[in-house]
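Reviewing the structure listed below.
Order of the sequence lines sets the chain letters (A, B, ...), proteins ahead of strands, with each chain counted from 1. For clarity, every value in this text was computed on a predicted model and none was experimentally measured.
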Amino acid sequence: MRVATWNINSLKARLDRVLAWIETAGADVVCLQELKCATADVPVDAFAAAGYETAAWGSGRWNGVAILSRVGLADVRQGITGQPQFADAAEARAITATCGPVRVQSLYIPNGRDTADPHFPYKLAFLKALAADAAADATGDLPFAAMGDFNICPTDDDIWDVAEWTGTTHITADERDALAAVQAAGLEDVFPRALKYDRPFTFWDYRNLDFPKNRGLRIDLALANPAFKDAVTDAYVDRNERKGKGASDHAPLVVDLDL
DNA sequence: ATGGCATAGCGACTATGA
């Protein structure tokens with residue numbers, strides 16, 4: 001089966017591309033992030049017509065996560081245990097579901113904005129809660145993966161030029177330590193193939209010709225438990241989906257499983 | 001030191017993203 005995660009940067013603006021991609025890619029399960037619409041505005045009928053059930057948590061203009069599945073959808077859980085709030089609100093950043101033989105979590109980790117911004121400790125707190133939340137699924141027999149936009153480059157190789165990002169979020173030791181704690185719960189980074197160049201970036205800023213110049217980041221990850229990891233036969237970033245007018249600034253991360 | 005580009009929202013601009 002084929003599982004994918006993709007930050008689509010607005011479901012409304014990207015619907016045609018999402019429908020086209022899930023069909024041509026033949027994805028069985030798709031984790032989406034940054035819906036940027038309310039739960040009630042998620043086009044579940046369009047996904048149903050394409051053969052997919054939908055679990056979604058949207059909250060309007062920002063954030064929003066979903067899971068599409070054509071292999072069943074059960075045991076849906078919104079948010080994570082102990083999820084911190086920001087500005088007194090629980091943001092739509094996590095949804096988990098069992099899809100046939102696998103359990104997947106669609107995650108949109110807070111950006112952090114700036115290391116001096118309140119959003120930064122919020123990001124770290126979210127990751128700390130995630131590490132505790134993931135422990136049960138990570139050690140279970142059911143194949144499980146926490147997938148999504150982690151907004152962290154795990155290593156200096158996961159960014160086009162780390163020197164250009166000195167002092168910014170996404171590459172700090174605090175963030176990498178928080179990510180390592182999530183992995184220490186029993187989840188391993190499923191490292192994808194690059195379809196072009198040497199590194200499998202998943203995000204390129206719209207500005208500055210960053211995509212043509214391959215100034216990218218690898219921030220979209222699939223963290224898998226042993227049962228999931230053992231079933232992986234291939235993983236790659238579909239950078240072709242980043243091309244052309246109307247693309248998201250993220251490309252889908254695709255994982256194939258012998259399940 | 002800042003913006004670039006893209007998105008949504010009652011909008012003629014701002015906030016957010018990474």
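B/dG3 atom P lies 13 Å from atom CG of A/N208, rounded to whole Å. Atom CD of A/Q33 is separated from atom P of B/dT7 by 17 Å (rounded to the nearest Å). The distance from atom CD1 of A/I8 to atom P of B/dA8 is 10 Å, rounded to the nearest whole Å.
The phosphate of B/dA6 (OP1 or OP2) has no side-chain N or O of A/R14 nearer than 4.0 angstrom.
One P atom belongs to B/dG11, the other to B/dA1, and the distance between them is 33 Å to the nearest Å. As rounded to the nearest Å, B/dA12 and B/dT2 have P atoms that lie 25 Å from one another. Comparing the C1' positions of B/dA15 and B/dC10 gives a spacing of 15 Å, expressed to the nearest Å.
A distance of 12.5 Å separates OH of A/Y108 from OG1 of A/T5, quoted to the nearest 0.5 Å. The line from NZ of A/K229 to CG of A/L187 is 11.0 Å long, rounded to the nearest 0.5 Å.
For A/F211, the ring-ring contact (aromatic ring centres under 6.0 Å, His included) partners are A/W204, not counting sequence neighbours.
At a cut-off of 3.5 Å, with distance as the only test, a side-chain donor of A/R103 or A/T98 sits close to an acceptor on the other residue.
For A/D161, the CG atom counts as densely surrounded, since its 6.0 Å shell holds more than 12 non-hydrogen atoms of other residues, nucleotides or ligands.
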Contact state string [nucleotides 9-18 of chain B, B base, S sugar-phosphate only, - no protein heavy atom under 4.0 Å]: S----BBBBB
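In this structure, A/R215 reaches neither bases nor backbone, as no heavy-atom distance under 4.0 Å exists between it and the strands shown.
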Evaluation steps, side chain to side chain contact (heavy atoms under 4.5 Å, CB included), between A/E91 and A/S59: CA-CA 7 Å; A/E91 297 184 319; A/S59 57; 5.8 Å; no
